[in-house]
Amino acid sequence: MTPVLSVLVHNKPGVLNRITALFMRKGFNIQSLTVCITESPDVSRMTLVMNEMDEAALEQVMKQLHKQIDVLKVTDLTEAPMVSRELALIQVNSPIAQRATITSLIDPFRASIVDVGRDTVTVQVTGDAEKIEALISLLRPYGIRELARTGLTALPREASAVSELRRLNESQVLPI
Amino acid sequence: MPGMSKPADEMKRPMGEANHRTDGAMLLKGADMVVEALRRERVDVIFGYPGGAVLPLYDALFECGIRHVLTRHEQGAIHAAEGYARVTGRPGVVIATSGPGATNLVTGLADAMMDSIPIVAITGQVAKTVIGTDAFQETSIIGISTPITKHNYQIRHASEIPKVFKEAFHIANSGRKGPVLIDIPKDVAGETALFSYDDPPQLPGYQPTVVPHQLQIRKLMSGLSRAKKPVILAGAGILHAGASAELVAFAERHRLPVVHTLLGLGGFPASHPLFLGMGGMHGSAAANKALHETDFLINLGARFDDRLTGKLEFFAPHATVAHVDIDPAEIGKNVSTQIPVVGDVREALLMMLAADVESPHADAWMNELLATKEQFPYWYVQEGTGIKPQRLIAEIARLTAGNAVVITDVGQHQMWTAQFFPFEVPDRWVTSGGLGTMGFGLPAAIGAYFGKPEQQVVAILGDAGFQMTQQELAVIGEMELPIKVVIVNNGALGMVRQWQELFHGERYSASLLEWQPDFIKLAEAYRIPATRVQEDDALTDALAAFLAASGPGFLECVVEPRENVFPMVAPGTGIHQMVGVKP
Ligand SMILES: Cc1ncc(C[n+]2csc(CCOP(=O)(O)OP(=O)(O)O)c2C)c(N)n1
Ligand SMILES: [Mg+2]
């Protein structure tokens, strides 16, 4: 299980340092970390993707986060219904002759070409980690020059939406 | 002036700039705001050391009515603040300048963090205008202290001072207590802002659970009533929560054996028939037997430190574990716990006392433990003409009728004190547990004296650890503090020497102090009356005279150099595998 935690923190200087210092001190490993402002300017949301760990270890991470005075809320999204997205920019070799292949390749991913050079194109893709991994491995044979990923950001699904989804699932009206 | 803790005429220094307003707020300079905040927090003593960045603050402190104790090193100041906090339960306050002054606090902050000691540390910082330029004596004490404080603040404008101080004192002394640092740039001290101290702290991210969940208490009590081999492990949480009376009542109500951690000593009376002694590496055979064999362990405010548990697989392997702790992160951290109870341990005990359940049927177990306690007391062999350190401690206990506030440093003498000084009442035992900080003892004794000036204060120090902060003798000499300093001189970094003897083939690498200063002359240089004793038959008289004298005193006790601390749970073994349980 790769835990995903959503952490609401005070938006003020030094808070990111407190969190990373905590992780270093306790030896917790992070796969990705995103920090951004929320609807309230005093509050930031951190989305943490942790390395695989057992439940006891995850509980300890959450409790330690909670101990921080500037942490307002810690939510474990790992198994909760959530929307999660990541954005990747992939600069891939693409001589003019091959460009059409690349375009058709990325099309099903709803990715787009956001920059074009003489020998390369830069592809932008958003989605969950799995989708991004899939596109990267498809593009790898062409030669990836540079890759930038934002890391995951996530929100729990709204409760009403969740129950609606469940209802639809159960009634099997709509395959989601 | 509504809300003032002291009438204005009591302040010796008139607040020149004070401009009183009808709403209780007043216009003050930053430095005066700090002093005013300290007054509102009813701080009666500050330990500190001045320097460039705190000059404006020291100017405001001058003749302000709050006592300032000038230690001779900032480490001394923060350990003194810890000693004060430990015996009073109130936050200790320490001030240091920027750069080296601030970095000298690091050991004390880490020590206070480990042992949950409430401290408010105030550091000066270079002016805001030059922060980040590597200015003279600039250091990022916020960066340095983040992992070793409960929280820290850098003040960006004088207007933040009241809010920050209010929060800092609240955070330091509530929930799981700990150190909070406030870094104040020099120019902030000169800024003027409105001071109002009436608003309660607003800390949405800090809401410690004080009252435990009734359901968890019920689970605990019903588990207890079915237990055959129950035991209470009582930690320093009992002392922080002021729960000694409730602990005694609860243990007596259900006839439960009680084991203390090193830091918990004094929470339960040592002479109580239900007391098994300290558990852990140098604990009693009975205490460790109980922790190993129990089927129902109630941890009250202890954190299952590895020096207590020994190898985890042998720690209470057959037990249902209930753990009461104000810090939820401690529950389940080291020992898996079936009944977690988050809350203040005194509140928990009150709820546990109110529960109407049958006491466990554990007479056989209790009798077995008491027989073990009887059979394997702490021991030493009195032989030769030299002084056995254990007898020294027992004699100090006897001659002070167990009433003294006892402070130790770290090492063998610390463990012997924990074993041979029977602590009967709470808050008279000051030692560095989690961090094991050599050099802690002497300054902590100074702080303990200021916290409990009416009590006799005895500092029991190792010959090596004493030398780490010995300059604080100056405070004792200068202020003629009636602190009795005992040096347990075994000519060695005794605890290190013991491990080398037992685990490194007697290769005494850098652990023997073959050269030592003349301790008597050293104490006398600080104008403290000093005596040396080295023969066992002279010990009692020397001690009695030393303890009875008024004013400061220094006793160098030359003890058997090869004495070891037993019993012992060797590192990496289980608590049931103690060695040296008898001569
Ligand atoms: C600051 C610090 N450095 C090193 C140690 C490791 N250490 C633990 S006990 C000890 C020896 C202490 O010697 P002494 O103060 O004479 O006490 P004794 O054990 O001899 O009673 C040492 C070096 C420590 N605990 N703290
Ligand atoms: Mg020694």
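Letters A, B, ... are given to chains in the order of the sequence lines, protein chains preceding strands, and every chain is numbered from 1.
- Contact count versus chain B (heavy atoms, under 4.5 Å) is highest, among A:V71, A:L72, A:L8, A:I69, for A:I69.
- Only the side chain of B:I171 comes within less than 4.5 Å of a heavy atom of chain A; its backbone N, CA, C and O stay farther away.
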Between chain B and chain A, which donor-acceptor atom pairs come closer than 3.5 Å, counting both backbone and side-chain atoms?
| unit_1 | atom_1 | unit_2 | atom_2 | d |
| --- | --- | --- | --- | --- |
| A:R18 | NH1 | B:N152 | OD1 | 2.8 |
| A:R18 | NH2 | B:N152 | O | 2.9 |
| A:R18 | NH2 | B:N152 | OD1 | 2.8 |
| A:Q60 | NE2 | B:A329 | O | 3.1 |
| A:K63 | NZ | B:P328 | O | 2.9 |
| A:K63 | NZ | B:I331 | O | 2.8 |
| A:K67 | NZ | B:D327 | OD2 | 2.6 |

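- Looking at A:A21, only its side chain comes within 4.5 Å of chain B, counting heavy atoms on both sides.
- Looking only at heavy-atom pairs under 4.5 Å with chain A, the residue among B:P208, B:P328, B:G205, B:G175 that has the most is B:G205.
- The ring-ring contact (aromatic ring centres under 6.0 Å, His included) search around A:F28 returns A:F23, not counting sequence neighbours.
- Each salt bridge (Lys or Arg N to Asp or Glu O under 4.0 Å) pair with one or both residues in residues 99-123 of chain A, not counting sequence neighbours, would appear here, but there are none.
- Judged as a side chain to side chain donor-acceptor pair (under 3.5 Å), and not counting sequence neighbours, the contacts of A:E133 are A:R149.
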